[in-house]
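Residue numbers begin at 1 in each chain, while the letters A, B, ... track the order of the sequences.
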Amino acid sequence: MRLDFTPEELAFREEVREFAARAAPDAMRRKVRDGEELTKDEFVAWQRIMQARGWAAPSWPREHGGTGWTLSQRHIFEEEMAAADCPQQAHFGLSLIGPVLYTFGDEEQRRRHLPGILSGDVWWCQGYSERQAGSDLAALQTHAVRDGDDYVVNGHKIWVTYAHWADMIFALVRTSREEKRQRGISMLLIPMDAKGVTVRPIETIDRNHQINEILLDDVRVPVANRVGAEGAGWGYGKFLLARERGVGATQRRLRRAVERLRDRLRRAPGPDGRPLAEDALFADRLTQLEIEVIGLEVTVLRVLAELEAGHEPDARSSMLKIRSAELLQRITEMAVEAGGTEAMPFVPLDDATLPPGAAHAVRNYLYTRATTIFGGSAEIQRNVIARQILGL
Amino acid sequence: MDFSLTTEQQMLSDSVARFARGGTEASWATMAALCWTAIAIPEASGGLGGSAVEVMIIMEGLGRGLVAQPFAESCVLCPTLLTELGEGHRPELQGMASGTLRAAFAGAEAETRFDPLNPRLRAGRRPDGWILDGVKSFVPDGAAADHFLVTARTGSEGPSVFRVPRDAPGLEREDFLCFDGHPASRLRFTGTALPADALLGAEGGAGPAIELALDRATAALCAEALGAMEALREATAEHLRTRQQFGQPLAGFQVLQHRLVDMFLACEEARSMTLLATLRLEAERRERIRAVSAAKARIAQLARSVAYQAIQLHGAMGMCEEFTVGRQAKRLIAIGMLYGDADHHRRRFACA
């Protein structure tokens with residue numbers, strides 16, 4: 001047994017660290033450090049920087065333009081990028097649809113779509129949930145009816161992150177009604193500028209516009225835009241959800257988030273005129289959090305080691321999702337608590353100004369309430385573990 | 001990164017599982033015959049020179065089978081203390097390796113709570129040796145020990161360790177059972193005279209050895225807790241699958257499924273923490289302390305939550321002394337308190 005990386009992997013860590021130290025422009029780095037959302041332009045600029053380094057797609061195989069890294073290398077990469085406050089790469093293309101296309105898509109789809117994902121020129125969004133199909137995704141009603149070489153798509157999609165930035169959407173739609181609901185679902189790639197696609201913003205409790213509703217009204221989509229076989233979309237959707245839940249960047253960012261929280265506590269005034277970091281009650285809660293983050297880190301390494309040894313990914317990715325979501329929620333919660341009432345001003349009125357970054361803590365705190373809901377809620381993850389691991 | 005067992009380690013694991021099925025009847029003599037008692041003792045001292053991973057494997061198995069044997073104390077803690085104090089040549093170690101001689105660690109005192117480095121028990125010099133005065137309030141498995149390794153303060157700064165035979169004059173021993181069924185003793189030293197060579201290592205210089213020995217024992221206890229947690233999780237799953245209420249198995253109720261999932265999450269986290277503690281025992285001091293204390297702090301919490309859930313989900317059966325569930329739960333609660341509870345280890349982690 002060995003809880004250490006190999007000398008080669010440590011050398012790789014040095015290489016990434018060197019790159020990470022100067023890769024991101026200062027303004028971008030500051031935004032990441034303060035937990036501020038990047039603009040679309042910044043995401044695209046960051047993707048170009050990564051592509052220029054040859055690291056456009058850390059998780060992809062070499063033949064499709066990826067780095068061909070091992071899981072350990074990807075892990076080390078994520079850790080070092082997080083430690084240097086580098087942004088995460090936009091994941092809808094890179095982590096979600098890209099792998100679906102190079103795994104299940106045809107040659108033409110790969111040729112058309114993968115380059116835009118690698119360069120950051122084409123922004124993707126994910127059309128899964130509907131008003132009546134959330135956790136019960138197989139209840140989705142958006143349907144596509146074959147008409148010559150096209151499908152005609154009608155319905156709606158909801159909770160679509162960055163749909164207002166997107167050029168393309170990959171959507172799960174019903175192409176037939178089968179006794180087993182999962183069987184009649186296909187995956188379509190739909191240009192967002194197609195006639196009949198309407199995007200409506202949804203404001204969330206963090207007073208942000210990130211998610212949207214999409215209305216699809218007689219949208220004509222060429223049959224060539226269907227991924228894989230008709231009726232096989234559910235399988236691709238599951239493949240993709242497993243990636244969304246699995247060993248991901250979030251877990252590698254928790255440690256840095258705890259460090260940033262600790263910095264904040266050193267500056268925040270606590271009882272008796274001393275920094276909050278020296279308040280025994282508050283410091284102990286931070287210690288508790290830090291210990292639990294360490295636990296998750298080791299669990300990630302265990303899952304990683306098993307995957308590298310050739311084991312199939314299993315429902316333990318649900319375990320990582322549950323724990324990282326909970327921990328992120330507690331970290332952001334403590335950041336707000338550290339501010340006390342100073343963390344409360346959110347929207348300046350009239351000529352008033354807020355200190356730079358003042359609202360980020362609350363915004364992140366409110367935003368991360370979603371981490372136990374999206375990508376399969378914490379309850380769904382527990383159902384998955386109950387069924388697939390515990391056999392209940 | 002590699003968390004797999006070698007073939008030998010897998011064989012050891014299987015062997016421990018077979019042994020532990022004997023439950024509380026599983027005997028020390030068998031453990032000695034299987035050479036487990038020698039596993040953590042260096043070869044130069046007559047042992048097998050095994051690693052912390054072998055200790056982890058044994059302890060996890062003992063925890064799973066609820067075997068009440070003082071392996072962590074007599075085969076890990078005490079031998080480590082002797083070798084780290086530069087007493088690796090002592091014949092006692094050979095006896096401990098063969099299982100014929102058992103030692104107990106007398107460190108805990110009522111006044112000093114979980115602090116092992118500042119004992120109040122006093123060791124005074126006399127012309128040809130030492131005189132001990134004071135009380136050790138909690139000595140795990142003291143009754144079965146042939147001799148005690150006793151922490152004490154002398155005139156100099158820092159703790160010292162003395163070897164005291166069980167029949168030393170002026171040593172009174174009271175034995176009791178703890179709530180988890182494990183035996184422990186209280187030792188009262190009243191002018192207990194010892195020869196000069198009873199002092200192990202340098203006077204006042206035992207701090208680092210005590211710390212390391214306790215860290216190894218603590219990592220071992222984490223593994224025992226892990227085994228017990230897994231056993232409780234499995235027993236609870238089996239209970240939910242078989243017990244019928246309201247015309248269906250309890251396992252059909254989602255609210256109970258999610259409770260069991262939370263037990264599973266706790267077990268997985270405990271396994272990660274146990275591995276961390278085990279695989280960092282050879283690291284430099286600060287890293288070792290942070291790993292072991294993080295593990296013990298967290299496992300104390302997780303073990304307790306699994307214990308409570310197991311009792312709750314077993315209903316009244318979880319309350320019966322007759323069934324393993326309740327006894328397993330009590331052992332988990334006890335492990336949470338041994339060698340420092342969650343608060344102690346969180347503090348130690350934060351201050352390291």
S.K.: Mark yes when over 12 heavy atoms from residues, nucleotides or ligands other than A:Glu278 sit less than 6.0 Å from its CD; otherwise mark no.
M.R.: yes
S.K.: With rounding to the nearest 0.5 Å, note down the distance linking CG in A:Leu392 to CZ in B:Phe264.
M.R.: 11.5 Å
S.K.: Do B:Gln254 and A:Glu379 have side-chain N/O donor and acceptor atoms under 3.5 Å apart?
M.R.: no
S.K.: With a 4.5 angstrom heavy-atom cut-off, is it the side chain or the backbone of A:Gln288 that approaches chain B, or both, or neither?
M.R.: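 Looking at A:Gln288, backbone and side chain both touch chain B.
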S.K.: Can you say whether B:Met56 sits under 4.5 Å from chain A via the side chain, the backbone, both, or neither, judging by heavy atoms?
M.R.: side chain
S.K.: Given heavy-atom pairs under 4.5 angstrom as the criterion, report whether the side chain, backbone, both or neither of B:Leu265 touches chain A.
M.R.: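 Side chain of B:Leu265 only, per the 4.5 Å heavy-atom cut-off to chain A.
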S.K.: Does B:Arg290 CZ have over 12 foreign heavy atoms under 6.0 Å away?
M.R.: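 Counting other residues, nucleotides and ligands, CZ of B:Arg290 exceeds 12 neighbours.
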S.K.: Does any heavy atom of chain B fall under 4.5 Å from the side chain of A:Glu306, the backbone, both, or neither of them?
M.R.: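 Neither part; nothing is under 4.5 Å.
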S.K.: Less than 4.5 Å to any heavy atom of chain A: does that hold for the side chain of B:Arg271, its backbone, both, or neither?
M.R.: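 Both backbone and side chain.
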S.K.: Which pair of heavy atoms, one from B:Ala294 and one from A:Ile291, lies closest together, and at what distance?
M.R.: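 Minimum heavy-atom separation between B:Ala294 and A:Ile291: O-CG2, 3.5 Å.
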S.K.: Might you confirm whether atom CD of A:Gln132 has over 12 heavy atoms from other residues, nucleotides or ligands at distances under 6.0 Å?
M.R.: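 Count not over threshold, so no.
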S.K.: Could you tell me which non-hydrogen atom of B:Ser272 sits nearest to which non-hydrogen atom of A:Gly295, and how far apart they are?
M.R.: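 The answer is CB-O, 3.7 Å.
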S.K.: Side chain, backbone, both or neither: which part of A:Arg387 has a non-hydrogen atom closer than 4.5 Å to chain B?
M.R.: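 For A:Arg387, neither part sits under 4.5 Å from chain B.
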S.K.: Tell me if a side-chain donor or acceptor on A:Arg302 pairs with a main-chain N or O of B:Glu268 at a distance below 3.5 Å.
M.R.: yes
S.K.: Can you confirm whether A:Val298 sits close enough to B:Glu269 that some side-chain heavy atom of one is under 4.5 Å from a side-chain heavy atom of the other?
M.R.: no
S.K.: By a 4.5 Å heavy-atom criterion (distance strictly below it), what part of B:Leu279 contacts chain A: side chain, backbone, both, or neither?
M.R.: side chain
S.K.: Can you tell me if CH2 on A:Trp159 sees more than 12 non-hydrogen neighbours from other groups inside 6.0 Å?
M.R.: no
S.K.: With rounding to the nearest 0.5 Å, note down the distance linking CG in A:Leu390 to CG in B:Leu240.
M.R.: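 It is 10.0 Å, given to the nearest 0.5 Å.
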S.K.: How far does OG1 of A:Thr299 sit from CG of B:Leu276, to the nearest 0.5 angstrom?
M.R.: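 Taking OG1 in A:Thr299 and CG in B:Leu276, the distance rounds to 10.0 Å.
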S.K.: So do B:Leu5 and A:Met1 actually touch side chain to side chain, heavy atoms under 4.5 Å?
M.R.: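 Yes - at least one pair of side-chain heavy atoms lies under 4.5 Å apart.
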S.K.: Go through it in stages, so that I can follow the logic: the residues are A:Leu3 and B:Met1, the test is side chain to side chain contact (heavy atoms under 4.5 Å, CB included), and I'd like the CA-CA distance, side-chain angles, deciding distance and then a yes or no.
M.R.: CA-CA 5 Å; A:Leu3 185 54; B:Met1 218 56 60; 4.0 Å; yes
S.K.: CZ of A:Arg255: more than 12 outside heavy atoms within 6.0 angstrom?
M.R.: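 No - once you tally the heavy atoms of other residues, nucleotides and ligands closer than 6.0 Å, there are 12 at most.
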S.K.: I'd like to check B:Phe349 versus A:Ile294 (side-chain heavy atoms, cut-off strictly below 4.5 Å). Are they in contact?
M.R.: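 Counting from C-beta outward, B:Phe349 and A:Ile294 do come under 4.5 Å.
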S.K.: What part of B:Gln301 gets within 4.5 angstrom of chain A, counting heavy atoms only: side chain, backbone, both, or neither?
M.R.: side chain
S.K.: If I measure from the heavy atoms of chain B, does A:Leu286 come under 4.5 Å with its side chain, its backbone, both, or neither?
M.R.: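 Contact with chain B: none, neither part.
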S.K.: Evaluate A:Glu290 against B:Arg346 for side chain to side chain contact (heavy atoms under 4.5 Å, CB included), listing each step before the verdict.
M.R.: CA-CA 10 Å; A:Glu290 197 181 347; B:Arg346 245 183 2 263; over 6 Å; no
S.K.: Yes or no on side chain to side chain contact (heavy atoms under 4.5 Å, CB included) for A:Asn383 and B:His258, after CA distance, side-chain angles and deciding distance?
M.R.: CA-CA 7 Å; A:Asn383 288 352; B:His258 285 194; 2.6 Å; yes
S.K.: Tell me whether the count of non-hydrogen atoms from other residues, nucleotides or ligands lying under 6.0 Å of CD in B:Glu234 goes above 12.
M.R.: yes
S.K.: Measure distances from A:Leu296 to the heavy atoms of chain B and classify the residue's part below 4.5 Å as side chain, backbone, both or neither.
M.R.: neither
S.K.: Could you walk me through whether B:Asp262 and A:Arg382 satisfy the salt bridge (charged side-chain N to carboxylate O under 4.0 Å, His left out) test, starting with their C-alpha distance in whole Å, then the side-chain angles of each, then the deciding distance to 0.1 Å, before giving a yes or no?
M.R.: CA-CA 8 Å; B:Asp262 288 337; A:Arg382 282 180 169 81; 2.8 Å; yes
S.K.: Can you give me the closest heavy-atom contact between B:Arg241 and A:Gly391, atom names plus distance?
M.R.: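 In this case the closest contact between B:Arg241 and A:Gly391 is NH1-O, 3.9 Å.
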S.K.: Hey, which of A:Glu297, A:Glu9, A:Arg316 has the most heavy atom pairs under 4.5 Å with chain B?
M.R.: A:Arg316
